[in-house]
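Structure first, commentary second.
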Amino acid sequence: MTKANDISRTTLRQRIGSFVVQRQAVLRDYFSAISGSMGRLVFSLVYFIALANTLSIADFGLFATASAAGVMLSRTLAFGFISALYRTATIRPRLIGSYTAGFLMLAALSLPVLVAASALTWFLFFSTSMPAAIFAAVIFAEALLWRPVEVAMIVNNGLGRFGRAAVLAILTAAIKAAAAALFIFWPSHTVGAWAGFYIASNLVSLALAFGFFYPRQRLRLTPDLYWRRLSDSIYVAGAEVLFYLQMEFDKLLVLAMGGPHLAGIYAIVMRLVDLTAIPIRTFSMMLVQRMMRMPEMLARLKVKVGIEAGILIVSTSALLFLAVVLYFYPNFLGRNVAEAGPLVGLALFVPALRNLVEYHAELLFARGQTLIRAANLAMLAGLKAALLSLLLMRVADTETLVWMLNGMFALLYLASAAVTYTALRRPAKAI
């Protein structure tokens, strides 16, 4: 019998060293990806400060709301075939050329749907506050210029080229920041003038992405490959529209019910909240890739709780730090942002709750449960619209409104968690 004293003991340092060696590739990929997120965060902050303090608060609210609508509408491009392109890059990289050709074909076919949806959105929310030409310019920049840039990042991440995707993310964020800095010196500081700068910056980003960063493969139209994936892609497109509807619809409601100035204040607060999500999305992206290959990795309750607790702590800490900085240095982010600065701390738990809802959507996508994901997001969009409308009708002052957003997002989180973790008990769908 072996005595306990004869068993070699490993020190904490040795265990940590063993852990790092075993996961060296994963850690290298993560730090490559997070470097892009952190670089993007810095330039996004510069972009935000320059733009939010150059436009008036009302114009910033109009632009931010139109941009949010553009992000939502851009998910109809190619009927969601970007998801099939991502899966192909992750699992069958030799078919990227064929799936890229399919993406371009379906993007052209989806244009009438995009135009019709954009026209309806302008009529319902912007017809009394923004000229159609300016709204169309913002949608064009978001859907037809910026969305393909995101495709280049998505494909590189799918291939495991996290460093290339990170460099592209940093460069495109820097291009937007430079455009916003140049706009400071432009004679006209209207949202119409900025729309021209916005198109130019996204056009440069598009040329950079496909000129230097997209993988070189021969484009080959292979329709038989696409039709098998099209139904799943349409589910994903619907889910993506619904996801961004429930993420961004609050800005549209605030604009419609509170006017451009309140929309501007709200957009500034929520933009600061969004900035805290950038590092979290890197983690979610890598987790999704791993779950595509290992669908049962979240079978243990300890792992599920640990991931959610980590997202909660990181997100809340980030906003708390920002709130403390703005409390002691109100003009740290500029005079316009200073007006919204005191509200940031009131939204303390909003980033974590929003990030967790986004994480739930990514879990369902990773397991191929796209129809359940779409239904969950539709439910969340309707619930959010109802709760926020109730708040806007009942709450008179902005401080109380922002504080009560914590409760609203808590309800959304509980609803999302109930649907997501019930669905995770079912077998993953084969991809």
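Starting from 1, each residue takes its place in the sequence as its number.
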Mark yes when over 12 heavy atoms from residues, nucleotides or ligands other than M379 sit less than 6.0 Å from its CE; otherwise mark no.
-> yes

Backbone N/O of R335 and side chain of N53: donor-acceptor pair under 3.5 Å | yes

I82 versus R147: any side-chain heavy-atom pair under 4.5 Å?
-> yes

Is it true that a side-chain atom of D250 and a backbone atom of L388 form a donor plus acceptor pair closer than 3.5 Å?
-> no

Non-hydrogen atoms of I139 and A66 that approach each other most closely | CD1-O, 4.0 Å

Quick one: pull up CD in E142 and CE in M72 and give me the separation to the nearest 0.5 Å.
-> 11.5 Å

Identify the heavy atoms of S416 and L380 that sit nearest to each other, and give their distance.
-> CB-CD1, 3.9 Å

Considering residues at least two apart in sequence or located in another chain, which fulfil the ring-ring contact (aromatic ring centres under 6.0 Å, His included) criterion with Y214?
-> F210

Spacing of L253 atom CG and S389 atom OG [to the nearest 0.5 Å] | 4.5 Å

Are any non-hydrogen side-chain atoms of F60 and F48 less than 4.5 angstrom apart?
-> yes

Step by step, would you call V350 with M408 a side chain to side chain contact (heavy atoms under 4.5 Å, CB included)?
-> CA-CA 9 Å; V350 171; M408 184 188 82; over 6 Å; no

Expected output: side-chain S67 to main-chain A64 donor-acceptor under 3.5 Å | no

Minimum heavy-atom distance L145-A141, with the two atoms named = CB-O, 3.3 Å

Starting from the C-alpha separation in whole Å, work towards a yes-or-no answer on side chain to side chain contact (heavy atoms under 4.5 Å, CB included) for I372 and R426.
-> CA-CA 11 Å; I372 296 174; R426 303 172 62 178; 3.3 Å; yes

Rounded to the nearest 0.5 Å, what separation is found between the CE atom of M105 and the OG atom of S110?
-> 10.5 Å

Only counting residues at least two apart or in another chain, list the ones meeting ring-ring contact (aromatic ring centres under 6.0 Å, His included) with H261.
-> none

Check: T54 and W194 side chains under 4.5 Å, non-hydrogen atoms = no

Pairwise distance CD1(I311) to CG(N355) - rounded to 0.5 angstrom | 7.0 Å

Walk me through it: do L144 and L111 pass the test side chain to side chain contact (heavy atoms under 4.5 Å, CB included)?
-> CA-CA 9 Å; L144 298 183; L111 288 180; 3.7 Å; yes

Which heavy atom in W122 sits nearest to a heavy atom in M130, and how many Å separate them?
-> NE1-O, 2.8 Å

Compare all side-chain heavy atoms of L405 with those of L346 and state whether any distance is below 4.5 angstrom.
-> no

Check the pair T190, I134 against side chain to side chain contact (heavy atoms under 4.5 Å, CB included), reporting the backbone distance first and the verdict last.
-> CA-CA 11 Å; T190 64; I134 296 175; over 6 Å; no

In this structure, OG1 of T88 is separated from CG of L159 (nearest 0.5 Å) by 10.0 Å

Just jot down the side-chain contact (heavy atoms from CB on, under 4.5 Å) partners of M153, sequence neighbours excluded, or say none.
-> R40, W146, V149, L168, A169, T172

Please list, chain by chain and in numerical order, all residues satisfying ring-ring contact (aromatic ring centres under 6.0 Å, His included) with Y413, sequence neighbours excluded.
-> H360

Would you check if D274 and R354 make a side-chain contact, meaning some heavy-atom pair closer than 4.5 Å?
-> yes

Identify the two heavy atoms, one from A152 and one from A209, that lie closest to each other, and give their separation to 0.1 Å.
-> CB-CB, 4.0 Å

For F125, which residues count as a side-chain contact (heavy atoms from CB on, under 4.5 Å) partner, sequence neighbours excluded?
-> T121, F249, L252, A256

Is the shortest heavy-atom distance from the side chain of L85 to the side chain of I154 under 4.5 Å?
-> no

Who pairs with W186 by ring-ring contact (aromatic ring centres under 6.0 Å, His included), at least two apart in sequence or on another chain?
-> F197

Can you name the closest pair of heavy atoms from N156 and F213 and give their distance?
-> ND2-O, 3.0 Å

Looking only at atom types and distance, does a side-chain atom of T420 sit under 3.5 Å from a main-chain N or O of A417, one as donor and one as acceptor?
-> no

Please round to the nearest 0.5 Å and tell me the distance separating atom CG of L262 and atom CD1 of I57.
-> 11.0 Å

Between Y198 and K176, is any pair of side-chain heavy atoms under 4.5 Å apart?
-> yes

Considering only heavy atoms from C-beta outward, does the side chain of F332 approach that of V337 to under 4.5 Å?
-> no

Is there a donor-acceptor contact under 3.5 Å from the side chain of N157 to the main chain of A165?
-> no

